[in-house]
Amino acid sequence: MLRVRFAPSPTGYLHVGSARTFIFNWLYARRNGGTMILRIDDTDLERNTDESLQSILEGLKWLGLNWDEQYRQSDRLDLHRRLALDMLAKGLAYRDFTVAGPEAEDSDKSHSGATWLSNPGQREMSEEESDRRAAAGEPFVIRYRVPRGTGEVIRFTDAVYGEQAKSTDDIEDFALLRSSGAPTYHLASCADDVDLRISHIVRGQDHLTNTFKHILIFRAAGVEPPQFAHLPLLLAPDGSKLSKRKHGPVVSVTTYRDSGFMPQAFVNFFCLLGWSPKDDREKMTLDELKQVFSFEGINRSNAVINFSETDPFDAKAVWLNAEHIRTMPVAELSGHLMPVVNAAGFGVTAEKMLQITPLIQERIRLLNEVLAVADFFLVDELAPYDSAELIPKKGDAAMAVRALRQALISLAAAEFTHDGLEAALRAGAETLGIKAGQMFEPIRVAVCGRKTAPPLFGTLEVLGRETALARIEKAIAKLN
RNA sequence: GGCGCUAUCGUCUAACGGUUAGGACGGAGCCCUCUCAAGGCUUAAAUACGGGUUCGAUUCCCGUUAGCGCUACCA
């Protein structure tokens with residue numbers, strides 16, 4: 001039975017790195033018919049908030065990837081504690097009565113060069129003394145009694161990083177239970193992995209070295225450790241680890257959502273960061289990803305998200321989003337655009353949006369760009385523009401006026417379809433003896449308020465005769 | 001400091017020990033064209049460094065350097 005879990009801790013919004021870990025877990029589970037479990041690792045009572053939990057759930061929901069079971073570690077504290085106490089009873093762990101404090105913290109372990117393994121006198125304390133002091137109410141933390149001087153080497157095979165080995169002499173006596181009685185991450189995580197019968201742990205590479213400790217806990221719990229697959233980390237352009245504190249909202253999933261990314265493009269992009277299908281495919285649907293995903297394709301080196309001060313998104317993410325937008329059925333895209341447009345305060349009907357969509361489909365990279373690209377379809381009154389914009393290339397104001405007057409005549413009679421409009425306007429240009437482009441330019445600006453816009457005939461068709469004529473008349477007035 | 005992981009164009013990546021080191025994004029240029037896009041074509045751009053092993057190393061081994069991670073009663 002294949003069971004994987006994604007275990008975020010609710011200490012902030014959903015981080016893109018976490019989202020990527022979730023995606024890889026999901027892909028692996030769904031690819032192999034396994035069970036996807038969401039476990040909220042909220043053992044850090046100080047830092048986790050309900051608000052953060054909600055935002056994580058919201059982010060995961062947006063991704064559109066479902067899970068089968070859900071747990072919360074704070075509901076399972078007894079289970080964790082029991083394992084620690086059991087280890088204590090078996091002598092696999094011991095009480096450490098050293099009081100933690102700012103000074104005790106870094107006094108001699110970080111700079112002395114000596115490896116910190118355990119607090120002197122604690123590990124060796126007799127059972128009687130330990131029990132007596134505990135009974136007297138003295139606070140303590142429970143630590144793993146890591147084998148010393150046995151020359152033992154802990155080994156495991158990581159699905160991504162291959163054979164891993166570390167001497168127990170290099171593993172410190174890490175804490176299992178805090179003086180408050182609360183479990184540490186290592187304890188809670190492993191106890192739950194055992195209880196939930198997790199078969200594969202897929203997580204960030206920052207846990208690669210922690211894995212040796214975890215294997216020790218699994219051993220103490222009397223079970224075979226699960227399979228491990230560690231993922232390369234996501235880095236900022238300067239090579240530093242992506243962090244909420246340092247890099248701000250660019251690491252939040254909601255930033256992508258709110259800027260107009262499609263969830264499937266988001267998934268596509270983050271899959272490609274550290275994983276490759278080994279062929280030249282880049283744009284892939286969720287189904288395609290699900291079909292080809294495997295740990296073999298995962299890279300071992302960290303990947304950088306190439307964002308900058310001016311652009312919070314990697315250009316490739318934006319391009320991929322554009323690819324997804326372009327290849328999507330018009331009706332579907334239109335449905336995604338509706339809420340964006342309405343949220344900006346425009347009231348569009350579904351049919352109007354459906355008409356606009358094909359004109360802008362290959363012109364927007366992010367959903368939100370619809371507002372900048374299609375604004376003139378949505379407003380009654382065009383935003384003010386410089387009348388000089390109306391003057392065509394190699395022409396003057398007089399030519400612009402003539403073109404617009406002719407447009408009035410041509411459009412009044414034209415059939416308002418793409419082909420009908422094209423025929424009418426080309427004929428109009430011919431009548432005036434000017435180039436078609438010189439005819440179209442003033443009309444485009446008159447009708448769109450700017451030189452860069454979707455193709456003219458389709459635009460006019462959607463705008464309709466009445467609006468088109470009114471805007472052209474205004475433009476003529478501007479030129480006088 | 002100790003322990004561990006990693007190293008191919010700016011970025012993401014491909015390459016059974018034998019390739020003119022491939023693709024993509026981004027950049028530059030050209031074509032198409034009613035503007036903008038989209039599309040097509042062309043182009044610049046990489047095996048960190050030093051030693052081995054081998055007939056032959058991007059690929060295997062060692063070292064150096066650099067980056068990252070862990071080294072908390074955080075996760």
Side-chain angles (χ1 to χ4, degrees), chain A residues 7-9 11 41-44 46-48 96 98-100 105-106 109-117 139-143 158 161-162 164-167 169-172 174-186 188-189 204-213 230 232-233 235 237 239-241 269 272-283 297 299-307 314-320 322 326 359-365 373 392-393 422 425-426 429 435-441 443-445 448 450-457:
Chain A
S9 51
T11 54
D41 279 14
D42 58 349
T43 52
D44 185 357
E46 320 276 277
R47 295 199 303 152
N48 66 60
D96 179 348
T98 315
V99 231
E105 179 83 5
D106 61 4
K109 52 181 155 175
S110 20
H111 300 293
S112 66
T115 307
W116 181 94
L117 290 170
F140 59 84
V141 356
I142 295 183
R143 292 186 182 282
D158 188 89
Y161 288 89
Q164 302 295 317
K166 188 168 187 167
S167 165
D169 291 335
D170 291 323
I171 303 172
E172 73 281 5
F174 55 96
L176 299 167
L177 211 60
R178 301 179 237 243
S179 51
S180 64
T184 62
Y185 160 75
H186 299 301
S189 178
Q205 189 245 47
D206 47 348
H207 286 298
L208 191 62
T209 39
N210 284 333
T211 304
F212 297 104
K213 296 174 191 167
H230 286 90
L233 265 22
L235 266 29
S240 65
K241 191 183 170 183
F269 174 69
L272 258 24
L273 240 36
W275 173 82
S276 159
K278 302 285 186 188
D279 54 32
D280 286 343
R281 272 185 296 179
E282 301 270 7
K283 188 239 162 191
N299 239 299
R300 281 183 288 274
S301 50
N302 295 340
V304 352
I305 302 187
N306 205 10
F307 59 80
D314 190 306
K316 195 157 197 170
V318 176
W319 172 78
L320 268 173
R326 281 196 286 269
L359 290 172
I360 61 168
Q361 183 160 25
E362 58 188 28
R363 267 163 268 267
I364 57 173
R365 290 129 73 229
V373 172
K393 243 178 278 172
E422 174 158 22
L425 293 177
R426 284 192 190 278
K435 288 187 168 177
Q438 292 176 312
M439 177 80 185
F440 301 157
E441 265 185 83
I443 302 175
R444 173 177 299 112
V445 175
C448 302
R450 74 177 89 95
K451 283 185 165 161
T452 317
L456 187 57
F457 315 126

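Throughout, protein chains are lettered first and strands after them, A, B, ... in sequence-line order, and every chain is numbered starting at 1.
Among the protein residues, G204(A) comes within range of no part of the nucleic acid, since none of its heavy atoms lies under 4.0 Å from any strand. Contacts of S276(A) with the nucleic acid, taken as non-hydrogen atoms under 4.0 Å apart, involve only primed sugar atoms and P, OP1 or OP2. Note on L272(A): only backbone sugar-phosphate atoms sit closer than 4.0 angstrom, heavy atoms only; bases stay farther off. Looking at heavy-atom distances under 4.0 Å, P232(A) makes no contact with the nucleic acid at all. Residue contacts for V141(A): at a heavy-atom cut-off of 4.0 Å it reaches a base atom on one of the strands shown. Among the heavy atoms of the strands lying under 4.0 Å from F457(A) is at least one base atom, whether or not backbone atoms are also near. Residue R281(A) is out of contact with every strand shown, counting any heavy-atom pair closer than 4.0 Å. Within the 4.0 angstrom heavy-atom criterion, only backbone atoms of the sugar-phosphate kind lie near T43(A); the bases stay farther away. Residue A175(A) is classed as a sugar-phosphate contact, given heavy-atom separations below 4.0 Å to backbone atoms only. Among the atoms of the strands shown, only primed sugar atoms or phosphate atoms (P, OP1, OP2) are found under 4.0 Å from some heavy atom of Q164(A).
U47(B) and U20(B): their C1' atoms are spaced 15 Å apart (whole Å).
When both pairing distances are held under 3.5 Å, C60(B) makes a Watson-Crick or G-U pair with G52(B). With a cut-off of 3.5 Å on both pairing distances, U35(B) has no Watson-Crick or G-U wobble partner at all. With a 3.5 Å ceiling on both atom-pair distances, the Watson-Crick or G-U wobble partner of G69(B) is C3(B).
Taking the ring pair (Phe, Tyr, Trp, His ring centres under 6.0 Å) definition, one finds that F440(A) meets it with F457(A), sequence neighbours left out. Applying the salt bridge (Lys or Arg N to Asp or Glu O under 4.0 Å) test to D41(A) and every residue at least two apart in sequence or in another chain returns R39(A). Residues passing the salt bridge (Lys or Arg N to Asp or Glu O under 4.0 Å) test with D280(A), sequence neighbours excluded: none. In terms of the side chain to side chain donor-acceptor pair (under 3.5 Å) criterion, K166(A) has no residue partners (sequence neighbours excluded). Legend: residues meeting salt bridge (Lys or Arg N to Asp or Glu O under 4.0 Å) with K435(A), ordered by chain and number and at least two apart, are absent.
In this structure, D279(A) and Y161(A) both approach RNA chain B, and ranking their closest nucleotides by distance from the 5' end singles out Y161(A).
Taking 3.5 Å as the limit, the base of C73(B) and the side chain of S179(A) contain a donor-acceptor pair of atoms between them. Contact of E362(A) with G39(B) (side chain to base): no donor-acceptor pair of N or O atoms is detected under 3.5 Å.
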Distances under 3.5 Å between nitrogen or oxygen atoms of protein and nucleotides 63-70 of chain B:
{"residue": "C68(B)", "atom": "O2'", "partner": "N302(A)", "partner atom": "ND2", "Å": "3.2"}
{"residue": "G69(B)", "atom": "O2'", "partner": "D206(A)", "partner atom": "O", "Å": "3.2"}
{"residue": "C70(B)", "atom": "O4'", "partner": "T209(A)", "partner atom": "OG1", "Å": "3.3"}

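Within the 4.0 Å cut-off from OP1 or OP2 of C73(B), at least one side-chain nitrogen or oxygen of R143(A) is found. Residue R300(A) places no side-chain N or O under 4.0 Å from the OP1 or OP2 atom of A7(B).
Between atom OG of residue S179(A) and atom CD1 of residue I142(A) there is a gap of 11.0 Å, rounded to the nearest 0.5 Å.
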Original post:
Can you list the steps and then say if R281(A) with D279(A) is a salt bridge (Lys or Arg N to Asp or Glu O under 4.0 Å)?
Top reply: CA-CA 6 Å; R281(A) 272 185 296 179; D279(A) 54 32; 3.2 Å; yes
